[in-house]
J.: 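Below is a structure I'd like to ask you about.
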Amino acid sequence: MGQYDDLRGKRVLVTGASRGIGEGIVRAFSKAGARIFFHYRSDPELAERVASELAGEIHLFRADLSNDGQLAGMFAAIRKEFGGLDCAVNNAGWNHPPRSLDEIDSELYYRLTDINIKGTLFCCLNEIRLMRGHPGSIVNIGSVHQDSSVPGRTLYAASKGAIHAMTGQLAIEAGAEGIRVNNILPGYIDITGRGAVPAENTGIPLGRYGTPADVAALCLFLASEDSSFINGADIAIDGGVQRKLARIF
């Protein structure tokens, strides 16, 4: 019988936890009994509201993960509160509005890569340090855009491709210490609460959008011992969109 819904006492970091996919993830880990370090960046009122609805031990921390000092401060606080980590979900990221190739500039490049690439990498490196000495699981939230993107998303797709590459390398190097690193690739996820959409209008083989709860369930599995031999994997959660695109093109 699976134990992925019972993570009582596990020390878990979730970044970008106050809204969207991150909110769904933090709610699922709370329900599973984890001790949670709840990271958010920009809206204290929203973060406090979500945290107030969670059960168990919750530690709120505000930080811009593209800022070296704030990122270091967050991990110092985790060490102080928890002494270590058993699992981390690196969900924090940013997606720019569509930009044509001629509209890409260095300002946009650095803003996006500092959050999506640098922020994710240095979170992973600090998480590995806090997991040493016992098995641990790191889950990166990538995107199907790493493989099958759309016009206007060049930088975003590149950043998610970098997360794919770093996940594989970290899995090789941290695996010897019993620390697993995997990458989830969400497709079309309903983070707005728009609800049911007619199947013929989604373009998704399963006929619906995904939900934050769908992504959260996969995170719980990857955090558990039920997934103890899964390491360095890219796991799409997209209702089959990637397969459909592959056959069309």
Side-chain angles (χ1 to χ4, degrees), residues 7 10-30 32 34-44 46-51 54 56-82 84-95 111-131 136-143 156 159-160 162-164 166-167 170 174 179-186 189 191 212-213 215-220 222-223 237:
L7 298 175
K10 296 294 186 181
R11 301 162 296 177
V12 177
L13 164 66
V14 181
T15 70
S18 64
R19 66 182 76 223
I21 290 174
E23 180 184 350
I25 292 167
V26 81
R27 288 185 184 279
F29 274 96
S30 171
R35 303 168 63 196
I36 296 172
F37 204 90
F38 181 126
H39 161 266
Y40 70 100
R41 182 175 63 124
S42 59
D43 191 335
L46 175 62
E48 289 166 8
R49 179 186 64 76
V50 173
L54 304 178
E57 184 179 348
I58 310 293
H59 299 275
L60 275 171
F61 196 92
R62 184 179 186 179
D64 178 351
L65 299 182
S66 68
N67 181 291
D68 295 348
Q70 292 184 36
L71 186 145
M74 182 178 79
F75 282 96
I78 294 171
R79 186 177 294 278
K80 179 180 178 181
E81 295 290 347
F82 287 168
L85 281 173
D86 299 297
C87 177
V89 182
N90 295 314
N91 170 72
W94 182 63
N95 187 4
R111 182 181 177 193
L112 186 139
T113 58
D114 277 358
I115 295 172
N116 290 8
I117 301 178
K118 188 180 82 170
T120 300
L121 174 62
F122 283 93
C123 277
C124 286
L125 295 175
N126 280 281
E127 289 153 6
I128 289 168
R129 295 182 188 114
L130 288 173
M131 291 178 183
S137 174
I138 295 172
V139 181
N140 291 326
I141 304 298
S143 172
Y156 183 73
S159 74
K160 294 303 182 176
I163 291 173
H164 156 76
M166 77 173 71
T167 295
L170 293 170
I179 300 168
R180 299 179 293 112
V181 189
N182 291 292
N183 188 28
I184 291 177
L185 314 179
I189 305 298
I191 61 173
V215 180
L218 182 52
C219 289
L220 288 178
L222 290 173
I237 181 163

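All residue numbers in this chain count up from 1 along the given sequence.
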J.: Show the nearest heavy-atom pair for residues Pro212 and Ile189, with the distance to one decimal.
T.: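 Between these two residues, the closest heavy atoms are N-CG2, 3.7 Å.
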
J.: Test Ile179 against Leu170 for side chain to side chain contact (heavy atoms under 4.5 Å, CB included), laying out the working first.
T.: CA-CA 9 Å; Ile179 300 168; Leu170 293 170; over 6 Å; no

J.: Which atom pairs, one a donor and one an acceptor, fall under 3.5 Å between side chains of residues 68-81 and the rest of the protein, sequence neighbours left out?
T.:
residue, atom, partner, partner atom, Å
Asp68, OD1, Lys118, NZ, 3.1
Gln70, OE1, Asp64, N, 2.7

J.: Please check this pair: side chain of Thr15 against backbone of Asn91, looking for a donor-acceptor N/O pair closer than 3.5 Å.
T.: yes

J.: Within the structure provided, determine whether Cys219 and Phe29 are in side-chain contact (heavy-atom separation under 4.5 Å).
T.: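 Heavy-atom side-chain distance check passes, below 4.5 Å.
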
J.: May I ask you to check whether over 12 heavy atoms, not counting those of Phe122, lie within 6.0 Å of atom CZ?
T.: no

J.: Measure the acute angle between the ring planes of Phe37 and His59, then classify it against the limits of 30° and 60° as parallel, tilted or perpendicular.
T.: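 Aromatic pair Phe37/His59 classed parallel.
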
J.: Quick check for you: to the nearest 0.5 Å, what is the distance between Arg11 atom CZ and Ile36 atom CD1?
T.: 14.0 Å

J.: Give the minimum heavy-atom separation between Gly24 and Ala216, together with the two atoms involved.
T.: O-CB, 3.4 Å

J.: Looking only at heavy atoms, which two atoms of Ala92 and Leu65 are closest? And how far apart?
T.: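 What the structure gives for the nearest pair is CB-CD1, 4.0 Å.
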
J.: Once rounded to the nearest 0.5 Å, what's the spacing between atom CG of Asn116 and atom CG of Asn95?
T.: 8.0 Å

J.: Find out whether Phe38 and Val50 are in side-chain contact, i.e. whether some heavy atom of one side chain is under 4.5 Å from a heavy atom of the other.
T.: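 In short, these two side chains touch, coming nearer than 4.5 Å.
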
J.: When rounded to the nearest 0.5 angstrom, what is the spacing between CD1 in Ile25 and CG in Leu218?
T.: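 The CD1 atom of Ile25 sits 9.0 Å away from the CG atom of Leu218.
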
J.: Flag the pair Thr120 / Ile141 as yes when at least one side-chain heavy-atom distance between them is below 4.5 Å, and no otherwise.
T.: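 No, their side chains stay 4.5 Å or more apart.
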
J.: Distance check, rounded to the nearest 0.5 Å: Asn183 atom CG versus Ser143 atom OG?
T.: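 That separation rounds to 9.5 Å.
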
J.: Answer yes or no: is there a donor N or O on one side and an acceptor on the other, between the side chain of Ser30 and the main chain of Val26, under 3.5 Å?
T.: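 Not at all, since once roles are kept as given, no pair shorter than 3.5 Å links the two residues.
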
J.: Quick one: pull up CD1 in Ile21 and CD1 in Ile237 and give me the separation to the nearest 0.5 Å.
T.: 9.0 Å

J.: Main chain of Leu222, side chain of Ser137: is a donor-acceptor contact present, judged purely on distance under 3.5 Å?
T.: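 At least one qualifying donor-acceptor pair exists.
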
J.: Side-chain contact test, heavy atoms from C-beta onward, threshold under 4.5 Å: evaluate it for Arg129 versus Asn126 and give yes or no.
T.: yes

J.: Supply the atom-to-atom distance Ile138 CD1 to Cys124 SG, rounded to the nearest 0.5 angstrom.
T.: 5.0 Å

J.: Can you tell me if Asp86 uses its side chain to pair, donor with acceptor, with the backbone of Lys10 under 3.5 Å?
T.: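 Here the side-chain-to-backbone pair does not exist.
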
J.: So does Val139 get a backbone contact from the side chain of Asn182, meaning a donor-acceptor N/O pair under 3.5 Å?
T.: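 Between the backbone of Val139 and the side chain of Asn182 there is no qualifying donor-acceptor contact (under 3.5 Å).
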
J.: Any sub-3.5 Å donor-acceptor pair from Arg62's side-chain atoms to Arg41's backbone N or O?
T.: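 Yes, because the side chain of Arg62 sits within donor-acceptor range (under 3.5 Å) of the backbone of Arg41.
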
J.: If you look at every heavy atom in Arg19 and Asp43, which pair is closest and at what distance?
T.: NH2-CB, 3.6 Å

J.: Distance-only, no hydrogens or angles: does the His39 side chain make a donor-acceptor pair with backbone N or O of Val14 under 3.5 Å?
T.: no

J.: Go through the steps to decide whether Asn90 and Asn140 satisfy the test side-chain hydrogen bond (donor to acceptor under 3.5 Å, both in side chains), and finish with yes or no.
T.: CA-CA 5 Å; Asn90 295 314; Asn140 291 326; 2.9 Å; yes

J.: Going through the distances and angles, do Glu127 and Val181 end up as a side chain to side chain contact (heavy atoms under 4.5 Å, CB included)?
T.: CA-CA 10 Å; Glu127 289 153 6; Val181 189; over 6 Å; no

J.: For Gly119, does its backbone N or O pair with a side-chain atom of Asp114 as donor and acceptor, under 3.5 Å?
T.: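 Looks like no, no N/O pair under 3.5 Å.
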
